[in-house]
Amino acid sequence: MKKIYNTRNLGIIAHVDAGKTTLTERILYYTGKIHKIGNVDEGNTTMDRDVQEQKRGITISSAAISTEWNFKNENYQFNLIDTPGHIDFAVEVERSLRVLDGVVAVFCASSGVQPQTENVWFQAEKYGIPRMCFINKMDRIGADFYAVVNEIRVRLSAIPLVLQIPIGSELSFEGVIDVIKQKAVVWKDEKGDFFEIQDIPPELKSEAEEKNTELLETLAEYDEIFFDLYMNESSYSEEDVTRSIRKLCLEQKAVPVLCGAAFKNKGVQPLLDAVAAYLPSPEEMPVIEAENSENGEHILLTRNNEEKFTGLVFKVSTDKHMGKISMVRIYSGSLRNGDTVLNNRTNEKHRISRILQMQSDKTIAIEEANAGDIVAMIGLKDAKTGDSVSDMDFPVLLESITIPTPVIRVAIEPKTNGDEKTFGLVLAKIQEEDPSLLVEKDSQTGQTLLSGLGELHLEVTLEKIRLNHGLEINQGEPKVSYKEILTQSITHREKFVKQNSGSGQFADITFEIGPRADDEKGLLFVSQIKGGTVPQEFIPSVEKGFKEAMKRGPLLGYPLESMQVTLLDGSTHSVDSHALDFEIAARDGYRAAVKKCAPKILEPIMKVEIQSVEDYTGAITTDINKRRGIILSIDEKAGRKLFTAEVPLSNTFGYISDLRTLTSGRATISMKISHYALVPEFVAGQLLK
């Protein structure tokens with residue numbers, strides 16, 4: 001059984017085009033996993049094996065691979081996940097971060113902190129994951145190491161621990177200075193296999209010493225133990241410094257910062273050393289809070305092999321040869337081929353026929369998996385993303401995975417009537433693999449609607465249906481997934497009476513319905529029933545009825561973002577009242593009352609960042625205004641203009657290609673969902689027509 005201490009469950013996260021996949025490819029090369037370096041532009045990288053990934057040059061689906069690295073004469077196993085950088089595939093990042101113990105955030109040295117960088121950074125923070133920073137592309141025109149360090153401090157509210165500074169930049173970048181050891185590391189050969197440890201160039205000596213002092217002072221400020229050593233001059237060693245860096249990193253008080261140029265094969269080996277030195281092993285992460293799925297009892301799980309087996313399904317995919325594959329993070333205990341586990345969502349038993357170690361698009365069969373491992377399992381028939389699996393006599397529910405809400409949808413149908421049955425099966429399969437997709441029937445038109453996180457997300461999904469499943473699809477134009485909101489409160493009485501041939505149905509409720517008093521989303525249900533006018537056992541049914549009903553708003557049938565219902569009074573029939581009757585009364589009461597609550601439409605607003613040369617400032621600002629956008633700021637960054645704006649999603653369709661035309665291809669754009677806002681009256685009028 002391997003040492004858990006020497007395992008690193010590591011994610012590579014960043015904005016699209018920061019160089020994640022390129023860095024991952026170099027990591028695999030220097031750790032000996034591959035023997036030839038692939039490149040994104042040539043479509044031959046180890047991690048991007050999907051046809052669309054190779055064609056588009058972006059990561060679409062998270063890929064996992066295991067490799068080993070020798071650090072200080074000990075072997076470390078790195079379970080590595082390369083995540084997408086495009087906001088449309090946020091669920092891939094979300095479910096990867098849910099099961100990782102540490103991440104390397106990659107930044108482009110000229111673009112710095114970009115919108116998706118912020119997204120994934122704060123996703124990692126939400127899950128309490130220690131982070132390291134790698135400032136990549138130091139060879140790029142406009143590279144500015146210290147500007148990016150400052151952005152990490154300001155935009156990400158992080159305390160950077162600068163462990164390296166670059167030797168040169170842009171075309172003159174040739175290596176890094178190790179701030180702790182006060183030595184230069186220079187790469188000489190083209191493949192980056194060999195580097196030399198040298199004295200610091202004289203012109204960088206004072207800068208290196210200054211950064212060393214800054215690092216020590218930061219450690220002393222945030223680490224009391226190191227503060228005592230630091231104040232007693234010359235009493236601390238290099239080991240004390242690295243121990244303090246590790247402590248602050250694991251406590252998420254600070255983030256180590258390194259730099260390099262992955263494409264030019266410079267800076268990767270020291271990064272691997274830093275991953276082993278500073279990021280946590282699985283057993284160093286906090287104990288896991290869970291609950292007994294049978295009685296709701298609170299459970300604390302220790303991450304080791306001595307505990308009983310628990311794991312979380314974080315991804316499901318289908319292989320044409322092996323069938324359904326469930327990716328599982330094992331949090332405690334061990335599992336062997338042939339063991340039977342419990343799915344705590346379905347309460348069903350499943351025999352694990354095979355355990356596999358993922359190697360991107362390939363697999364290696366293994367006999368046993370232990371605490372801390374990330375593996376694939378065959379045999380979990382009905383597993384879904386977020387399912388908890390455990391020993392048969394240890395029913396444990398772990399925290400599930402947050403799935404982002406779709407914001408855009410398209411009507412789809414099979415091209416031929418004969419494909420109707422296959423169409424339904426394929427849609428069920430893609431939803432199983434990607435839970436951020438939503439398939440539903442429009443009750444008014446009968447159309448099948450596919451909802452996703454963005455234009456690219458839907459485009460890739462439809463292409464996947466064609467390529468992977470051989471099904472041709474007709475599709476409509478993309479449409480925005482609006483929401484609705486109530487702006488006034490009213491009191492309403494709803495009486496449901498129905499006489500069947502036998503016993504009847506009766507429910508009577510009086511309630512106040514309107515907007516929530518707080519800023520939270522969803523239903524806030526309050527019962528003020530006194531004296532048992534509505535029996536306690538019927539009240540959950542009333543709440544259930546309202547919760548179901550608010551999925552369809554009164555104006556356009558879009559779900560209500562939030563709503564408050566206060567149950568004031570009611571009555572029952574001694575024979576004819578049942579729980580279902582009160583659920584029906586709540587649904588009917590909602591439909592009758594909600595139209596009188598001054599409902600309004602909400603639309604998704606995107607935060608847009610555009611980088612361009614100054615010549616196109618006027619054209620870009622005019623275009624933003626035409627799209628009902630609001631410009632928040634125009635800044636200078638690396639000699640270019642940086643526009644930050646908020647634009648309604650409905651006005652961003654085709655924005656990327658329009659911007660390319662507008663600026664002769666000299667601008668870049670990135671977008672992410674910001675919030676929902678009230679639709680202006682003139683737009684609401686058009687929608688209601």
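The figures here come from the full heavy-atom set of this structure, side chains too, leaving out hydrogens, waters and symmetry mates.
Atom-to-atom distance recorded for Ile13:CD1 and Ile81:CD1 is 12.0 Å, nearest 0.5 angstrom. With values rounded to the nearest 0.5 angstrom, Leu163 atom CG is found 4.5 Å from Ile245 atom CD1. In this structure, the separation between CD on Glu221 and CG on Leu216 is 13.0 Å, given to the nearest 0.5 Å. From Ser244, atom OG reaches atom CG of Leu215 across 8.5 Å, with rounding to the nearest 0.5 Å. To the nearest 0.5 Å, the span separating OG on Ser326 from CD1 on Ile352 amounts to 7.5 Å. With rounding to the nearest 0.5 angstrom, the CG atom of Leu312 is 5.5 Å from the CG atom of Leu398.
Within the 4.5 Å cutoff, the side chain of Leu380 has heavy atoms near those of the Val313 side chain. Contact of the Lys126 side chain with the Thr402 side chain is registered, since non-hydrogen atoms from C-beta on lie closer than 4.5 Å. No side-chain heavy atom of His350 sits under 4.5 Å from any side-chain heavy atom of Met377. Side-chain atoms of Leu156 and Glu118, non-hydrogen and from C-beta on, do get closer than 4.5 Å to each other. Thr340 has its side chain within reach of Met392: a pair of non-hydrogen atoms, C-beta onward, lies under 4.5 Å apart. When side chains are defined from C-beta on, Phe226 counts as touching Tyr236, because their heavy atoms get closer than 4.5 Å. Side-chain contact between Thr31 and Glu68 is absent, with no heavy atoms from C-beta onward closer than 4.5 Å. At least one side-chain heavy atom of Leu23 sits under 4.5 Å from a side-chain heavy atom of Leu271.
Looking at Trp69 and Asn75, their side chains never bring a donor and an acceptor atom within 3.5 Å of each other. No side-chain donor-acceptor contact under 3.5 Å links Asn265 and Tyr29. Of the N and O atoms on the side chains of Glu125 and Gln252, not one donor lies less than 3.5 Å from an acceptor on the other residue. For Ser436 and Asp434, the side-chain atoms include at least one donor-acceptor pair closer than 3.5 Å. A side-chain donor-acceptor contact under 3.5 Å links Thr385 and Arg95. A donor-acceptor contact closer than 3.5 angstrom is absent between the side chains of Asn292 and His298. For the residue pair Ser390/Asn344, the side-chain donor-acceptor check at 3.5 Å is satisfied. Looking only at atom types and distance, the side chain of Ser334 has a donor-acceptor partner in the side chain of Asn370 under 3.5 Å away.
Ion pair Glu463/Arg466 flagged as a salt bridge, since at least one NZ, NE, NH1 or NH2 atom sits closer than 4.0 Å to an Asp/Glu carboxylate oxygen. Taking the charged nitrogens against the carboxylate oxygens, Lys308 and Asp393 do have a contact shorter than 4.0 Å, which makes a salt bridge. Using a cutoff of 4.0 Å between basic side-chain nitrogens and carboxylate oxygens, Arg243 and Asp240 are scored as salt-bridged.
Between the side chain of Ser332 and the main chain of Phe309, no donor-acceptor pair closer than 3.5 Å is present. Judged purely by atom type and a 3.5 angstrom limit, Glu291 has no side-chain atom pairing as donor or acceptor with the backbone of Val396. Listed for the His457 side chain is a donor-acceptor partner under 3.5 Å among the backbone atoms of Leu453. The backbone N or O of Lys349 sits nowhere less than 3.5 Å from a side-chain atom of Asn343 that would complete a donor-acceptor pair. For Asn136 (side chain) and Val106 (main-chain N/O), no donor-acceptor pair under 3.5 Å exists by modelled atom type. Without hydrogens or angle criteria, Asn337 side chain to Ile366 main chain gives a donor-acceptor distance under 3.5 Å. Although no hydrogens or angles enter the test, the distance criterion places a donor-acceptor pair under 3.5 Å between the side chain of Thr83 and the main chain of Ile12. Distance alone, capped at 3.5 Å, is enough to place a donor-acceptor pair between the Thr117 side chain and the Gln114 backbone. Panel note: side chain Arg98, backbone Ser400; a donor-acceptor pair is recorded below 3.5 Å.
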Legend entry - Audit row: Lys72, Glu74, salt bridge (charged side-chain N to carboxylate O under 4.0 Å, His left out) steps and yes/no: CA-CA 6 Å; Lys72 292 188 175 178; Glu74 284 198 66; over 6 Å; no
Legend entry - Check against salt bridge (charged side-chain N to carboxylate O under 4.0 Å, His left out), Lys384 and Asp387: CA-CA 6 Å; Lys384 291 184 178 180; Asp387 280 359; over 6 Å; no
Inset, instruction - Might you work through the side-chain hydrogen bond (donor to acceptor under 3.5 Å, both in side chains) test for Thr346 and Asp382, ending with a clear yes or no? - result: CA-CA 8 Å; Thr346 63; Asp382 300 318; 5.8 Å; no
Inset, instruction - Might you work through the side-chain contact (heavy atoms from CB on, under 4.5 Å) test for Leu250 and Met285, ending with a clear yes or no? - result: CA-CA 8 Å; Leu250 267 56; Met285 295 295 283; over 6 Å; no
Legend entry - Derivation of the side-chain contact (heavy atoms from CB on, under 4.5 Å) call for Phe78 and Leu272: CA-CA 10 Å; Phe78 290 175; Leu272 290 168; 3.6 Å; yes
Inset, instruction - Decide salt bridge (charged side-chain N to carboxylate O under 4.0 Å, His left out) for Glu348 and Lys381; before the verdict, give the C-alpha distance in whole Å, the side-chain angles of both, and the deciding distance to 0.1 Å. - result: CA-CA 10 Å; Glu348 290 182 354; Lys381 293 177 185 174; over 6 Å; no
Legend entry - Stepwise salt bridge (charged side-chain N to carboxylate O under 4.0 Å, His left out) check, Glu433 with Lys315: CA-CA 7 Å; Glu433 294 181 355; Lys315 187 171 181 176; over 6 Å; no
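Residue Arg345 qualifies as enclosed at atom CZ: its count of foreign heavy atoms under 6.0 Å is above 12. The environment of CD1 in Ile197 is crowded: more than 12 heavy-atom neighbours from other residues, nucleotides or ligands sit within 6.0 Å. Atom CD of Glu238 sits in a crowded spot, with more than 12 heavy atoms from other residues, nucleotides or ligands closer than 6.0 Å. Counting heavy atoms of neighbouring residues, nucleotides and ligands inside a 6.0 Å radius, atom OH of Tyr127 exceeds 12 of them.
A pairwise comparison of heavy atoms in Pro160 and Val149 identifies CG-CG1, 3.8 Å as the closest pair. Between Leu258 and Pro270 the shortest heavy-atom distance is CD2-O, 4.0 Å. Closest non-hydrogen pair, Gln77 versus Ser66, comes out as NE2-OG, 4.0 Å. For the residue pair Ile355 and Ala369, the shortest heavy atom distance occurs at CG2-CB, 4.1 Å. Smallest separation of non-hydrogen atoms from Ala376 and Ile325: CB-CG2, 3.5 Å. Shortest non-hydrogen contact noted between Val103 and Ala124 is CG2-CB, 4.4 Å.
When Arg246, Arg303, Lys247 are each tested for a salt bridge (charged side-chain N to carboxylate O under 4.0 Å, His left out) with Glu284, only one passes: Arg246.
Figure legend: Arg329 and Tyr331 shown as a cation-pi pair, the cationic atom lying under 6.0 angstrom from the six-membered ring centre and within 45 degrees of its axis.
Here Phe195 and Trp187 bring their ring centres to under 6.0 angstrom of each other.
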